[in-house]
Amino acid sequence: MKVSRYLIPTLKENPSDAVVTSHRLMMRAGLIRKESAGMYSYLPMGLKVLRKIINIVKEEMDRAGALECLMPELTNADLWKESGRWYTMGPEMFRIEDRNGLEYALGPTHEEAFTHLVRTVVSSYRDLPLNLYQINTKFRDEIRPRFGVIRSKEFIMKDAYSFDVDEKGLDESYNAMAKAYRRIFERCGLETIPVQADSGNMGGSASEEFMVASEIGEEVLLLCDSCDYRANSEKAEYRSITAESEPQESLREVHTPDIKTIDDLVNFFNCQPDKFFKSIIYVYDGKPVMVVVPGSRDVNEHKLKNYLGALELELASEEIVIKVTGAPLGFAGPVGLKDLRIICDVSIRSLCNGVTGANKKDYHFAGVNPGRDFEIKEEADITIARSGDLCPKCNGKMYEKKGIEVGHIFKLGYKYTKAMNVTVLDEKGEAITPIMGCYGIGINRTMAAIVEQCSDDKGIIWPKEVTPFHVHLVGIAKNDEEIRQIEEIYDMLIDSGIDVLYDDRKVSPGFKFADADLIGIPLRITVGKNYFAKGEVELKERSKAEALSIAKNNIVAEIKKYYSA
RNA sequence: CGGGGCGUGGCUCAGUCCGGCUAGAGCGCGUGGUUUGGGACCAUGAGAUCGGAGGUUCGAAUCCUCUCGCCCCGACCA
């Protein structure tokens with residue numbers, strides 16, 4: 001491909017609305033253009049990369065035995081009503097009506113669609129296992145699109161759904177995907193960190209997220225420094241430290257006018273935040289519940305939701321807080337509350353002589369001791385782990401890292417097959433419900449993550465398997481005869497089956513080199529004065545500083561060597 | 001949704017506070033010429049309803065009101 005006939009609108013300056021590396025470089029290298037917030041066009045070279053990623057995903061999915069399908073983007077509301085998600089999905093689902101008033105959703109995910117498909121085509125255990133996937137556009141009305149292509153309203157996703165007769169089968173399907181994912185990301189040139197993740201309220205037993213470590217990541221990971229424990233903060237457990245015991249003080253009421261927050265309390269009582277029984281009222285599935293955690297800790301709503309087995313969980317409004325505690329916000333506590341379900345974090349038991357709200361405006365209790373002053377009826381790990389916490393596996397220290405989630409696999413269970421009434425007959429002729437797994441990869445986001453991870457201050461450095469072209473041929477010619485000689489090399493490369501981008505523009509060499517660095521094709525061949533004088537071309541790897549002088553006859557072999565290594 | 005910021009040739013920005021003449025610069029683009037191994041140079045040229053609507057004024061990119069779009073932070077831990 002000749003640059004003069006291609007479309008690579010590179011930008012010398014950073015676009016003003018691109019703030020992260022991948023977004024900036026993808027814009028500047030002429031791969032994408034923004035159409036609107038959270039919506040991007042892919043230009044020819046950007047599309048080429050996207051397709052390479054897609055092909056890797058396809059090859060590995062196929063190798064793992066999954067079958068590609070293509071589902072409609074427009075999904076009938078009835079399907080969503082059947083699973084209940086029409087009502088629980090909320091505003092992130094784009095909903096539309098046709099001219100007759102029939103309701104549809106622009107698919108944000110396709111569990112229902114695939115479950116429905118399977119139910120119409122599968123009837124015997126002999127038809128299973130089945131793992132169906134597609135690579136298709138998803139629509140989500142994101143609360144806030146950001147970071148270019150990393151969080152957008154419209155994106156391409158590979159989503160796969162496995163159906164097995166039993167849990168053992170699901171284990172196999174799941175493990176096959178876990179393996180395929182590792183191969184996919186490795187081939188994409190990405191270093192991913194597989195972490196344990198929360199599988200939501202699907203009743204799923206296993207879930208793994210594939211994260212790319214990055215400062216701009218929107219997920220927080222906890223990694224152990226001495227073993228292989230790594231988990232999403234939504235899921236991460238930690239070993240709580242038992243507080244030192246001290247002689248029990250007596251319970252006393254303290255006047256705390258307008259002292260509501262933990263910070264206020266720390267100042268007022270002049271002690272550590274962990275001396276406070278932070279008491280928070282939530283509403284789960286319409287019912288109020290109080291959770292009690294150490295003052296310095298945050299409630300992990302995912303853990304709490306899982307513990308409660310709740311479909312919905314939200315902080316209680318002030319109204320409800322007043323109703324169940326008798327006091328305005330800021331003065332709730334477990335002491336003396338009889339009719340409210342109270343869940344204590346596992347670390348509460350060992351806190352002594354603490355402080356908590358007195359359920360009375362402007363009053364707190366001090367000298368509070370669990371067991372004596374309030375009963376611990378329910379105990380669970382419901383707080384967010386953080387840097388410095390002890391690893392639940394080995395007692396090592398954990399540290400935090402931010403990551404971009406590029407893939408997620410998890411055991412779904414029976415949620416959809418049950419809700420949508422999918423059955424097959426087993427060997428005995430009895431109806432059984434298949435069990436599902438679900439496996440996603442964000443394609444655009446994977447591309448952004450690659451750029452995020454594989455770039456320097458000059459531009460992108462594409463990994464071998466996803467580079468838009470194999471070689472960037474830079475010609476520096478002073479006359480027609482020299483152009484002819486460069487084109488000889490260009491033709492030779494094409495004839496050897498090498499995908500070459502030939503910069504034939506009439507611009508200065510520096511301009512071409514700068515563009516080549518920006519675009520990031522891993523190999524660059526420069527044909528200029530050394531070739532016309534000595535028959536030598538320059539071969540340079542984008543990732544290295546020094547170049548190699550080689551003869552024309554060795555070019556093809558060198559390129560093939562690079563790509564087969 | 002709450003807070004903050006920004007909309008001026010294709011791109012990056014100045015001008016706006018304190019209203020005043022044909023709205024500027026750099027980059028990019030067209031033409032002619034000189035250049036050619038790390039974003040060349042000279043000459044010349046095209047290109048802007050100053051996001052949109054309404055208002056104030058003799059006069060609005062600039063002031064006021066409304067509106068649209070975009071970016072960033074946050075989104076309830078008492």
Side-chain angles (χ1 to χ4, degrees), chain A residues 9-20 23-24 27-28 30 33-39 90-91 141-148 151 216 218 256 258-265 273 276-283 290-301 303-304 313-318 320-322 324-325 327-333 345 356-357 359 361 364 382-384 386 458-459 474-479 482-483 503 505-519 524-533 536-538 540 545 547 549:
Chain A
T10 54
L11 264 17
K12 199 183 280 190
E13 284 169 291
N14 285 324
S16 59
D17 57 1
V19 301
V20 303
H23 189 196
R24 267 200 319 258
M27 294 281 285
R28 287 191 49 200
R33 280 292 123 99
K34 186 172 78 180
E35 291 309 317
S36 180
M39 288 141 70
D141 191 355
E142 287 290 343
I143 194 163
R144 177 145 96 92
R146 67 174 124 181
F147 299 149
R151 183 168 292 278
I216 63 159
E218 298 180 279
T256 51
D258 216 30
I259 306 293
K260 295 177 183 177
T261 66
I262 293 297
D263 283 349
D264 293 344
L265 287 163
F276 302 98
F277 298 99
K278 187 154 77 176
S279 308
I280 299 160
I281 314 296
Y282 278 90
V283 173
M290 173 183 277
V291 301
V292 183
V293 302
S296 69
R297 292 275 172 184
D298 289 330
V299 173
N300 185 327
E301 294 185 0
K303 286 182 184 173
L304 179 59
L313 177 75
E314 56 178 8
L315 275 175
S317 62
E318 173 143 29
I320 292 173
V321 172
I322 292 171
V324 300
T325 69
L329 283 179
F331 301 100
D345 184 64
T356 193
N359 299 316
K361 182 169 162 45
H364 279 78
I382 47 170
T383 48
I384 297 177
R386 62 186 175 211
K458 289 188 178 129
V474 175
I476 302 168
K478 293 191 179 64
N479 54 52
E482 292 181 354
I483 289 173
D503 197 341
R505 293 125 95 206
K506 290 180 174 55
V507 295
S508 71
F511 201 96
K512 293 182 183 180
F513 292 141
D515 262 1
D517 287 342
L518 216 206
I519 290 167
R524 186 183 81 193
I525 286 177
T526 308
V527 180
K529 61 188 181 198
N530 288 340
Y531 181 67
F532 309 121
E536 282 174 355
V537 304
E538 178 199 277
K540 185 182 168 300
S549 270

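Below, each value reflects all heavy atoms present in this structure, side chains not excepted, and no hydrogens, waters or symmetry copies. All values derive from a computational prediction rather than experimental measurement. Proteins get letters first, then strands, A, B, ... in listed order; numbering begins at 1 in each.
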Enquirer: Considering only atom P, compute the distance from C41(B) to U36(B) and round it to an integer number of Å.
Expert: 14 Å
Enquirer: May I ask you to test the T10(A)-R28(A) pair for a side-chain heavy-atom distance under 4.5 Å?
Expert: no
Enquirer: Determine the Euclidean distance between corresponding C1' atoms of G20(B) and C13(B); express it in Å to zero decimal places.
Expert: 24 Å
Enquirer: Under 3.5 Å, is there an N or O donor on one side and an acceptor on the other linking the side chain of R144(A) and the base of G2(B)?
Expert: no
Enquirer: Starting at CZ of F532(A) and ending at P of G37(B), how long is that distance when rounded to a whole Å?
Expert: 12 Å
Enquirer: Are OP1 or OP2 of C71(B) and a side-chain N or O of K34(A) less than 4.0 angstrom apart?
Expert: yes
Enquirer: Determine the contact category for V321(A): base if any of its heavy atoms lies under 4.0 Å from a base atom, sugar-phosphate if only primed atoms, P, OP1 or OP2 are that close, otherwise nothing.
Expert: base
Enquirer: Contact class for S36(A) (heavy atom, under 4.0 Å): base, sugar-phosphate, or nothing?
Expert: sugar-phosphate
Enquirer: Quick one: K278(A) NZ to C77(B) C1', roughly how many Å, whole number?
Expert: 4 Å
Enquirer: Could you tell me the Watson-Crick or G-U partner of U57(B), where both distances fall under 3.5 Å? Say none if there is no partner.
Expert: none
Enquirer: Could you give the distance separating U31(B) and C72(B) at their C1' atoms, to the nearest angstrom?
Expert: 43 Å
Enquirer: May I ask you to say what R28(A) touches in the nucleic acid, namely base, sugar-phosphate or nothing, with a heavy-atom cut-off under 4.0 Å?
Expert: base
Enquirer: Suppose we define a pair by two distances each less than 3.5 Å, Watson-Crick or G-U wobble; what does A48(B) pair with here?
Expert: none
Enquirer: Taking the same atom, C1', in U8(B) and in G3(B), what whole-Å distance lies between them?
Expert: 26 Å
Enquirer: Just how far, in rounded Å, is P of U35(B) from CG of N479(A)?
Expert: 13 Å
Enquirer: Could you tell me which nucleotide pairs with U36(B) by Watson-Crick or G-U wobble geometry, both distances under 3.5 Å, or answer none if nothing does?
Expert: none
Enquirer: Take atom C1' in G5(B) and the same atom in G54(B), then report the distance between them in whole Å.
Expert: 25 Å
Enquirer: Are any of the side-chain heavy atoms of V283(A) and I320(A) separated by less than 4.5 Å?
Expert: yes
Enquirer: Report yes if the side chains of V292(A) and K278(A) come closer than 4.5 Å at any heavy-atom pair, otherwise no.
Expert: no
Enquirer: Check R146(A) with E218(A), please: is the shortest side-chain N to carboxylate O separation under 4.0 Å?
Expert: yes
Enquirer: Look at the side-chain N and O atoms of S16(A) and state whether any lies under 4.0 Å from the OP1 or OP2 oxygen of C70(B).
Expert: no
Enquirer: Is it true that K34(A) and D17(A) have a side-chain N and a carboxylate O under 4.0 angstrom from each other?
Expert: yes
Enquirer: Look at the side chain of L315(A) and decide which nucleotide, out of U36(B), C27(B), C77(B), has an atom nearest to it.
Expert: C77(B)
Enquirer: Side chains of Y531(A) and E482(A): is there a donor and an acceptor less than 3.5 Å apart?
Expert: no
Enquirer: Round to the nearest Å and state the distance from R146(A) atom CZ to C73(B) atom C1'.
Expert: 8 Å
Enquirer: Do E13(A) and G26(B) have a side chain to base donor-acceptor pair shorter than 3.5 Å?
Expert: yes
Enquirer: Under 4.0 Å, counting only non-hydrogen atoms across every strand here, what does A37(A) touch: a base, just sugar-phosphate, or nothing?
Expert: sugar-phosphate
Enquirer: Mind checking if D17(A) touches a base, just sugar-phosphate, or nothing, with heavy atoms under 4.0 Å?
Expert: sugar-phosphate
Enquirer: Could you work out the separation of C29(B) and C17(B) based on their P atoms and round it to a whole Å?
Expert: 36 Å
Enquirer: E142(A) CD to C1(B) P: how many Å, rounded?
Expert: 16 Å
Enquirer: If pairing requires Watson-Crick or G-U wobble contacts with both distances under 3.5 Å, which nucleotide is the partner of G74(B)?
Expert: C1(B)
Enquirer: Mind calculating the distance between CD1 (I143(A)) and P (G74(B)) to the nearest angstrom?
Expert: 12 Å
Enquirer: Please tell me which of the listed nucleotides, G39(B), G38(B), U36(B), lies nearest to the side chain of K458(A)?
Expert: G38(B)
Enquirer: Determine the interatomic distance between P on G4(B) and the same-named atom on G19(B); round to the nearest Å.
Expert: 25 Å
Enquirer: So which nucleotide does G28(B) pair with, by the Watson-Crick or G-U wobble rule with both distances under 3.5 Å?
Expert: none
Enquirer: Taking CZ from R386(A) and P from C77(B), how many angstroms apart are they, rounded to a whole number?
Expert: 16 Å
Enquirer: With rounding to the closest Å, how many angstrom separate the P atoms on U56(B) and U65(B)?
Expert: 15 Å
Enquirer: Run the ring-centre check on H23(A) versus F147(A) and record whether the distance is less than 6.0 Å.
Expert: no
Enquirer: Within less than 4.0 Å of OP1 or OP2 of A40(B), is there a side-chain N or O belonging to S508(A)?
Expert: yes
Enquirer: Nearest whole angstrom, please: distance from the P of G38(B) to the NZ of K529(A).
Expert: 7 Å
Enquirer: Are D298(A) and R386(A) ion-paired here, with the side-chain N under 4.0 Å from a carboxylate O?
Expert: no
Enquirer: Across all strands shown, which nucleotide pairs with U16(B) by Watson-Crick or G-U wobble geometry, both distances under 3.5 Å?
Expert: none
Enquirer: When we call it a touch if two heavy atoms are under 4.0 Å apart, what does A547(A) touch: a base, just sugar-phosphate, or nothing?
Expert: nothing
Enquirer: Taking pairing as Watson-Crick or G-U wobble with both contacts under 3.5 Å, can you name the mate of G69(B), or confirm there isn't one?
Expert: C6(B)
